[in-house]
Amino acid sequence: MARAHLSRRSLLAAGGAAAVALGAAANPSAAAAAPADNPVGTPAEALRRLQAGNRRFTTGHGRHPHQGLTDLHRLAAGQHPFAVTVGCADSRVAPEVLFDQGLGDLFDNRVAGNIVDDLLLGSVEFAVEEFGSLLIVVLGHERCGAITATIDAIHSGGAAPGHIGTIVDALRPIVEPVLDQPGDPVENGVRANIAAQVAALSARSTIIAEKVHQGALRVVGARYDLDTGRASLVA
């Protein structure tokens, strides 16, 4: 299916070009700076890089790659993130930290409950189309507050305050069917939500579904353990 090419210039402020010029003038070697890692060429390589980074993080051997001003200057002219994350807004779940990645590596999308709504889906599609990102990771986490709030609302029959109710309404049809399953209801809800959002990405997006069919993209779900820092594939 032919699509009009999206121009980054149409979405970036004109001041960006000036910032690049100023950065290059301040640091003449910025344009020649090279990424710290070899390019990622396949979805499998992208996944392995994230898994290796998470192992470094959990064992205390993080490299904190390409996070300096030189890297920022290099990336000011353009970005090519190899992976997209759909994660929770929880302050303890920062993808670059737990996957030990740097500037320009990940195209992060974070919202409470890691919910794929139309706005977030458009953001993910943009990364896939414009930057050629190879991997999408739906990143849920244990003891998720959005899942807990949804379960509380279901049990109490009440409504969450303000716009928090929008989050609860989006999660209710996912969480409610697993409440009677054995085990911890929040954990069951977290896992069910990861699987549901993974499925939604391909089911609701022709762009994503086509890339997956071509083998140019993979969509996975992962659960992040707050106690150990480990991110494990679950979907």
Side-chain angles (χ1 to χ4, degrees), residues 47 50-51 54 57-58 83-99 106-128 135-209 212 218-235:
L47 180 58
L50 292 187
Q51 290 173 323
N54 184 239
F57 172 67
T58 58
V84 180
T85 63
V86 177
C88 186
D90 192 295
S91 64
R92 299 163 293 181
V93 188
E96 278 82 5
V97 175
L98 65 96
F99 289 120
L106 305 180
F107 194 83
D108 293 330
N109 300 268
R110 300 179 64 185
V111 64
N114 40 278
I115 299 165
V116 178
D117 61 9
D118 288 342
L119 185 61
L120 188 143
L121 186 57
S123 178
V124 173
E125 287 180 336
F126 178 77
V128 170
L135 180 70
I136 302 172
V137 180
V138 176
L139 185 63
H141 66 96
E142 69 167 339
R143 302 197 293 272
C144 178
I147 299 295
T148 302
T150 301
I151 293 173
D152 290 344
I154 293 171
H155 284 161
S156 69
H163 288 82
I164 299 173
T166 304
I167 300 171
V168 169
D169 290 343
L171 292 174
R172 184 187 297 268
I174 298 169
V175 172
E176 199 161 24
V178 302
L179 286 182
D180 294 331
Q181 291 183 356
D184 180 77
V186 175
E187 179 63 20
N188 292 341
V190 166
R191 291 177 176 272
N193 185 44
I194 294 170
Q197 305 306 334
V198 167
L201 284 164
S202 292
R204 297 178 57 199
S205 171
T206 301
I207 292 173
I208 293 173
V212 170
R218 183 177 175 185
V219 183
V220 301
R223 172 193 173 277
Y224 175 58
D225 190 313
L226 293 175
D227 296 312
T228 66
R230 183 182 179 190
S232 304
L233 293 181
V234 297

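No hydrogens, no waters, no symmetry mates; every other heavy atom, side chains included, goes into these values. Computed from a prediction, not measured in an experiment: that's the story for all the values here.
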### Query
Do I136 and V128 come close enough that some side-chain heavy atom pair is under 4.5 Å?
yes
### Task
Please report the shortest heavy-atom distance between A192 and V178, naming the atom on each side.
CB-CG1, 3.9 Å
### Task
Find out whether L121 and L201 are in side-chain contact, i.e. whether some heavy atom of one side chain is under 4.5 Å from a heavy atom of the other.
yes
### Query
Hey, what do you get for OG1 (T150) to NE2 (H155), rounding to the nearest 0.5 Å?
11.0 Å
### Task
Of all the heavy-atom pairs spanning A94 and R110, show the shortest one and how long it is.
CA-NH1, 4.0 Å
### Task
With the side chain counted from C-beta on, respond yes when R204 and D118 share a heavy-atom pair under 4.5 Å apart, and no when they do not.
yes
### Query
Under the side chain to side chain contact (heavy atoms under 4.5 Å, CB included) test, which residues partner R143, sequence neighbours left out?
L226, D227
#### Entry: Residue pairs involving residues 182-196 (criterion side-chain hydrogen bond (donor to acceptor under 3.5 Å, both in side chains); sequence neighbours excluded)
E187-R191, E187-R223, N193-Q197
Under 3.5 Å, which donor-acceptor pairs do the side chains of residues 83-93 form with other protein atoms, sequence neighbours left out?
{"from": "T85", "atom 1": "OG1", "to": "D108", "atom 2": "OD1", "distance (Å)": "2.7"}
{"from": "D90", "atom 1": "OD1", "to": "R92", "atom 2": "N", "distance (Å)": "2.8"}
{"from": "D90", "atom 1": "OD1", "to": "R92", "atom 2": "NE", "distance (Å)": "2.9"}
{"from": "D90", "atom 1": "OD2", "to": "R92", "atom 2": "NH2", "distance (Å)": "2.7"}

### Query
Given L139 and L98, is the side chain to side chain contact (heavy atoms under 4.5 Å, CB included) satisfied, shown in steps?
CA-CA 11 Å; L139 185 63; L98 65 96; 4.1 Å; yes
### Task
Tell me, please, which residues at least two apart from V212 pass side chain to side chain contact (heavy atoms under 4.5 Å, CB included).
S202, I208, L217, V219
Name each donor-acceptor pair under 3.5 Å that joins a side chain in residues 228-235 to protein atoms two or more places apart or in another chain, with its distance.
{"from": "T228", "atom 1": "OG1", "to": "R230", "atom 2": "N", "distance (Å)": "3.2"}
{"from": "R230", "atom 1": "NE", "to": "S232", "atom 2": "OG", "distance (Å)": "3.3"}

For residues 163-175, run the donor-acceptor check on the side chains, cut-off 3.5 Å, and write out each pair with its distance to 0.1 Å, sequence neighbours left out.
{"from": "T166", "atom 1": "OG1", "to": "H163", "atom 2": "O", "distance (Å)": "3.4"}

#### Entry: Contact summary for A112 and A146, nearest pair of heavy atoms
C-CB, 4.2 Å
### Message
What's the separation between atom CD1 in I147 and atom NE2 in H141, rounded to the nearest 0.5 Å?
### Response
8.5 Å
### Task
Give, for atom CG of L179 and atom CD1 of I154, the distance between the pair rounded to the nearest 0.5 Å.
5.0 Å
